[in-house]
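Along the sequence shown, the residues carry numbers beginning at 1. Only a predicted model underlies this, so the values are computations on that prediction, with no experimental measurement involved.
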Amino acid sequence: VDCGGTEAVEAWLRDNKKTLKGVFLTHCHDDHIRGLRRIIQQQPEVKIYLSAHEGIRCVQDVRLNLSRYTSEPFQIFSNHFVELKDGDKLQLFPDTELTALQADGHSIDSMIYRVGKWLFTGDAYIPPLAVVTKLPGSDKIRAAESLEMIKGLVEKEQLIVQPGHNINTTHDV
């Protein structure tokens, strides 16, 4: 899920003689997609799963992916984008299913992914921080609605949140 950096994953794949089959993007911001350039160079056929709601436009727009504001603006192009809609389900392994859920607000293309008891939230929910909504493509109202949906799902299903950034603090939902 996401690929701001790729070195640790590449090392694990190499050490365990595994092949990367796909990358799931929670949203298009450069700190979550920067590593895609390297992955696509090494494995042009790798599937890139992203939101059907503006996901491709976002990874290809330097303003929306925020790379315009860095020293190395970039766009991501691939013939292997797989657009996911809210509620889409994918069978990852015989006993493991992924559910994609639209969670706009932080970014126009924000998605969260549920895999078993895990919920990968990207930047749509990083406990205990407030959702950032002052970036291109952000929407404060949608962010609040998405956050309410995420927190309700976490509480109801007792899910383990895996946010897009590591914050070293304890928190309550």
Distance, nearest 0.5 Å, that separates [atom1] of [X] from [atom2] of [Y]:
X: Thr26; Y: Phe120; atom1: OG1; atom2: CZ; answer: 11.0 Å
X: His106; Y: Ser146; atom1: NE2; atom2: OG; answer: 11.5 Å
X: Arg68; Y: Gln75; atom1: CZ; atom2: CD; answer: 12.0 Å
X: Ile160; Y: Gln162; atom1: CD1; atom2: CD; answer: 9.5 Å
X: Asp61; Y: Leu66; atom1: CG; atom2: CG; answer: 9.5 Å
X: Gln158; Y: Leu153; atom1: CD; atom2: CG; answer: 11.0 Å

Is any side-chain heavy atom of [X] closer than 4.5 Å to a side-chain heavy atom of [Y]?
X: Phe24; Y: Leu92; value: yes
X: Ile76; Y: Arg37; value: yes
X: Cys58; Y: Asn65; value: no
X: His27; Y: Met111; value: no
X: Tyr125; Y: Leu119; value: no
X: Asp2; Y: Leu25; value: yes
X: Leu20; Y: Gln42; value: no
X: Cys3; Y: Val9; value: no

Compare every heavy atom of [Y] with every heavy atom of [X], then report the nearest pair and how far apart it is.
X: Pro136; Y: Tyr69; answer: CG-OH, 3.8 Å
X: Val62; Y: Pro73; answer: CG1-CB, 4.2 Å
X: Thr133; Y: Gly105; answer: CG2-O, 4.2 Å
X: Ile40; Y: Ser78; answer: CD1-CB, 4.2 Å
X: Thr121; Y: Pro163; answer: OG1-CA, 3.3 Å
X: Leu84; Y: Tyr49; answer: CD1-CB, 3.8 Å

Are more than 12 heavy atoms, taken from residues, nucleotides or ligands other than [X], located less than 6.0 Å from that residue's [atom1] atom?
X: Glu72; atom1: CD; answer: no
X: Asn16; atom1: CG; answer: yes
X: Lys18; atom1: NZ; answer: no
X: Gln91; atom1: CD; answer: yes

Check: [X] side chain, [Y] main-chain N or O, donor-acceptor pair, under 3.5 Å:
X: Lys140; Y: Lys134; value: no
X: Thr70; Y: Ser67; value: yes
X: Gln102; Y: His53; value: no

Following the transitive rule for hydrophobic clusters with a side-chain heavy-atom cut-off under 4.5 Å over Ile, Leu, Val, Met, Phe, Trp and Tyr, establish whether [X] and [Y] coincide in one cluster.
X: Ile126; Y: Trp118; value: no
X: Phe81; Y: Val23; value: yes
X: Val82; Y: Ile33; value: no
X: Leu50; Y: Val1; value: no
X: Leu159; Y: Val115; value: no

Requested in this report: Report the residue from Ile108, Asp109, Asp86 that forms a side-chain contact (heavy atoms from CB on, under 4.5 Å) with Ser51.
Outcome: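 The passing option is Asp109.
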
(request) Before giving the answer on side chain to side chain contact (heavy atoms under 4.5 Å, CB included), spell out for Glu83 and Asp88 the whole-Å C-alpha distance, their side-chain angles and the decisive distance to 0.1 Å. (result) CA-CA 10 Å; Glu83 295 181 294; Asp88 279 355; over 6 Å; no

Exercise for the section: Dump the intermediate steps for side-chain hydrogen bond (donor to acceptor under 3.5 Å, both in side chains) on His29 and Asp123, then the final yes or no. Expected result: CA-CA 10 Å; His29 292 162; Asp123 292 355; 4.8 Å; no

> How far apart are the C-alpha atoms of Arg114 and Lys89, what are their side-chain angles, what is the distance that settles it, and do they pass the side chain to side chain contact (heavy atoms under 4.5 Å, CB included) test?
Replying inline: CA-CA 9 Å; Arg114 180 179 180 174; Lys89 296 179 185 301; over 6 Å; no

